[in-house]
Amino acid sequence: MTRKELLVALSLAVASWQGASVPCTEDSCASGLVDGTDEESSLLQMRAGKEDEKSKTLLDLTEKAVGHRPPPMKMGPGPMGPGPMGPMGPMGPPAGPMGPGPFGPPAGPAKPFGPGASRPVKLGSSPDAPTSADLDELMAAFQAAPQQELTFPESFAAGEVMEIDFMEGTLPIPFMGGSYQTRTYGGTIPGKTMVVNPGDTIKIKFSNKLGKGPDMKTCPSSYKGGDVAGNVDGICQLNYTNFHFHGLHVSPEGNSDNVLLLVNPGESSEIEVKIPENHMPGTHWYHPHNHHSTAAQAGGGAFGAIIVKEPAGYLPKQIEEMPEKLMFLSLVNAEKGMRLEDWGIRSSTQKYAEQKLWINSAYPGWRWEEKYKLEDYINPYVAINGQWLPKITVEEGKWYRMRFVLAAIEYFVEVYESDNTQAKHGRCEFQLLSKDGVFLHEAPRVVSKLHLISGSRADVAMRCGCVGSSTNQLEVGSSCSANYDFTASFKPMGTKNDAALGAYGKTYTNKLMTFVIEANKGDQLDPDLTPFSVRRPCYVANLRDAEPYIKRSNVHTVDFPQSTAKVVVDGYGKPWPHGELPPPLAELPVGEIQQWHVSGVNWHPRPNRSSLQIANSGGRSRSDPCTSTSTPSKSST
């Protein structure tokens, strides 16, 4: 695996958490049945349109989930067959004021959503476990269903005490036949949006409403997974949780943003977080952060957005007056949800306790079993605000501020315009305003696609219009639609050699959303955006020229060895055993700039609360300081 050397200028805001800060910075369908087992015969009848009891139940569930009853399926290859999704060539540059740059697909061929087996494969040992053909048919029905308008979560007003319950909620997955019960905030996915201002104090009454479930006494002391085969992440404590404010520059102590606290099932906690007066406005999110159960909880739907609003006059009037839309993307991996639930239960003292969550309502006896290799048949899919393949209605030629957030366990996601072959189709222009809650030094920046890694955010100004396929010219006063796809890729961040990753180098491409563009009655487009810069708090100051002023005692090496779960600072480091609080790896002075030489950044390292500025990556200096503040291995798109 390629080793990267990153020269990182870091300033730590560990000074007085009452507002004082110090510098840092921003930025298939199966073709036919051969043998005649009872289960296959039943499936054959269903696919021929004969609704026996089993097929009628499946169709009823599909109708409930996607809003209409799919037509009878016919013999032969279905729409999700073995071939790829089809070409998605470049759109070609738009003419006129809509801005430059094609919206094309990512490099490389699109890959099929499913394995496209020529014969149905049973996906579990229980009698009601589905086959690969069942899931292919459900996917085809889901993608053919009418799209629903995107809805937005409710919000908390700044200043009020927010009551948030960690509780069960329903996650519909129509392309898998039904729904799953999972862990949520307040029973919805996502949870309510926190809308706050710099200087506010967030007060939360946080209650864990879940039952005890798998207990906490037998969590593996290492990342070997104990006696549970394959549990390499040491998954346990499934119903024990806490509360993390991802991206906020606030105190990690006491009852503030303290990820070392634990809220047991049936217990409550009072949380109080003071936002500094000089906090940069931006988009952030909240989620659980209890080590050994974060993936199962946040990956299952326990998350919500945080918006720190701009003071009046902070932004140009044109940006300030844009209507806003929250686009909370969550990459749902049902196979992993089922697997983590299995691992978590079998890691407890109740070795085979009853599983209550991540059970498919259409196939209630179906459980994850290693031998069935569900990862080959169930691929991740991206929801927006908890909805699948929604449509978003926008006005032609009007600017909107789109606040994108990505909740994902492992994958990174790219969003881009798909191939439009209609006689008249939409094209949307994206201009990046901020990344990971930090405004660009000079905004906006035209981008051809959005690149989001796990936990990252992007505020984007978007304007859509209609073009004719023959003229490729804007046709003002027209109505049309613009389709967008996503590509989800699983590979360690910063890794270039996919071949070396084997099964880990997976990439999935599918439909994401449609913008429905309504004609502008005034026959005028909003004017182009004017470049602007904002006042920046000192903790996101530009440090590119600060190297001559860094003390030698503040220069450190930080390594993330891939073979062990530890961080090594200046040659010292050891794994962090579960339930223990080891001594600090180093003591850093308050109010001084740090320079870190970082290597081995490939999986999921991230310093919470402190922004990083990449000064040098792989021997190349950064020409743009607007780099990711979530991880030093990815720059903003």
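Here the structure is a predicted model, which means the values were calculated and not measured.
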**Study point:** Criterion side chain to side chain contact (heavy atoms under 4.5 Å, CB included) on Thr241 and Phe206, from CA distance to verdict
**Key:** CA-CA 10 Å; Thr241 193; Phe206 180 56; 3.9 Å; yes

Point to revise | Evaluation steps, side chain to side chain contact (heavy atoms under 4.5 Å, CB included), between Trp366 and Leu374 | key: CA-CA 11 Å; Trp366 185 26; Leu374 297 187; 4.0 Å; yes

Practice item. For Trp368 and Gln355, run side chain to side chain contact (heavy atoms under 4.5 Å, CB included): C-alpha distance rounded to whole Å, both residues' side-chain angles, the deciding distance at 0.1 Å, then the answer. Key: CA-CA 11 Å; Trp368 180 87; Gln355 182 174 330; over 6 Å; no

Practice item. Please step through side chain to side chain contact (heavy atoms under 4.5 Å, CB included) for the pair Val413 and Val382, ending with a clear verdict. Key: CA-CA 9 Å; Val413 169; Val382 174; 4.3 Å; yes

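At distances below 3.5 Å, at least one donor-acceptor pair connects side-chain atoms of Asn333 with backbone N or O atoms of Lys336. A donor-acceptor pair under 3.5 Å links the side-chain atoms of Thr294 to the main chain of Asn290, judged by distance alone. Not one N or O on the side chain of Trp285 forms a donor-acceptor pair closer than 3.5 Å with the backbone of Arg457. Counting only distance, with no hydrogens or angles, the side chain of Asp134 and the backbone of Thr131 share a donor-acceptor pair below 3.5 Å. In this structure a side-chain-to-backbone donor-acceptor pair under 3.5 Å is present from Gln297 to Tyr240. Under a 3.5 Å cut-off, the side chain of Thr182 and the backbone N or O of Gly300 do form a donor-acceptor pair. Without hydrogens or angle criteria, Asn385 side chain to Thr151 main chain gives a donor-acceptor distance under 3.5 Å. Checking side-chain atoms of Asn483 against main-chain N and O of Ser418 turns up no donor-acceptor pair under 3.5 Å. Although no hydrogens or angles enter the test, the distance criterion places a donor-acceptor pair under 3.5 Å between the side chain of Asn239 and the main chain of Gly211. Formation of a donor-acceptor pair under 3.5 Å by the Asn360 side chain with backbone atoms of Ala362 is found in this model.
Between Val196 and Ile306, the closest heavy-atom pair is CG2-CG2, 4.4 Å. Summarising the geometry of Phe156 relative to Glu163, their closest heavy-atom pair is CZ-O, 4.0 Å, with the distance given to 0.1 Å. Of all non-hydrogen atoms in His451 and Lys435, the two that sit nearest each other are O-NZ, 3.5 Å. The shortest heavy-atom contact between Leu329 and Phe404 is CD1-CD2, 3.8 Å. The minimum heavy-atom distance linking Ala129 with Tyr363 is given by the pair C-CD2, 4.4 Å. The heavy-atom pair separating Arg367 from Ile359 by the smallest distance is NH2-CD1, 3.4 Å.
Taken from CD in Gln387 to CZ in Phe152, the straight-line distance is 8.5 Å, to the nearest 0.5 Å. In this structure, CD on Gln147 lies 7.5 Å from NZ on Lys391, to the nearest 0.5 angstrom. Phe166 contributes atom CZ, which lies 6.0 Å from atom CG of Asn208 (distance to the nearest 0.5 angstrom). Atom CD of Glu341 sits about 5.0 Å away from atom CG of Leu238, to the nearest 0.5 Å. A distance of 10.5 Å separates CD1 in Ile204 from CD in Glu272, rounded to the nearest 0.5 Å. Rounding to the nearest 0.5 Å gives a distance of 9.5 Å between OG of Ser456 and CG of Leu450.
Side-chain atoms of Ser256 and Asn258 include no donor-acceptor pair closer than 3.5 Å.
Aromatic pair Phe142/Tyr381: ring centres closer than 6.0 Å. His287 has its ring centre less than 6.0 Å from the ring centre of His244.
Under the 4.5 Å side-chain criterion, counting only non-hydrogen atoms from C-beta, Met513 is not in contact with Leu150. Proximity of Leu326 to Pro153: side-chain heavy atoms (C-beta onward) are separated by under 4.5 Å at one or more points. Between Leu357 and Tyr180 the shortest side-chain heavy-atom distance does not fall below 4.5 Å. Counting only heavy atoms from C-beta outward, the side chains of Val263 and Phe243 never approach each other to under 4.5 Å. Contact annotation: the side chain of Gln181 approaches that of Thr170 to within less than 4.5 Å [non-hydrogen atoms, C-beta and beyond]. By the 4.5 Å heavy-atom criterion applied to side chains, Phe175 and Leu135 are not counted as neighbours. Contact check for Tyr185 versus Pro190: no side-chain heavy atoms found under the 4.5 Å cut-off. Two residues are said to be in side-chain contact when any heavy atoms from C-beta on lie closer than 4.5 Å; Ile271 and Met162 fail this criterion.
Under a 4.0 Å N-O distance rule, the pair Lys192/Glu154 qualifies as a salt bridge.
Using cut-offs of 30° and 60° on the angle between ring planes, the pair Phe303 and Phe328 is parallel.
Annotation for Glu149: atom CD counts as buried by contact number, over 12 foreign heavy atoms lying within 6.0 Å. Applying the 6.0 Å contact sphere to NZ of Lys356 captures no more than 12 heavy atoms from other residues, nucleotides or ligands.
Taking the salt bridge (charged side-chain N to carboxylate O under 4.0 Å, His left out) definition, one finds that Glu270 meets it with nothing, sequence neighbours left out.
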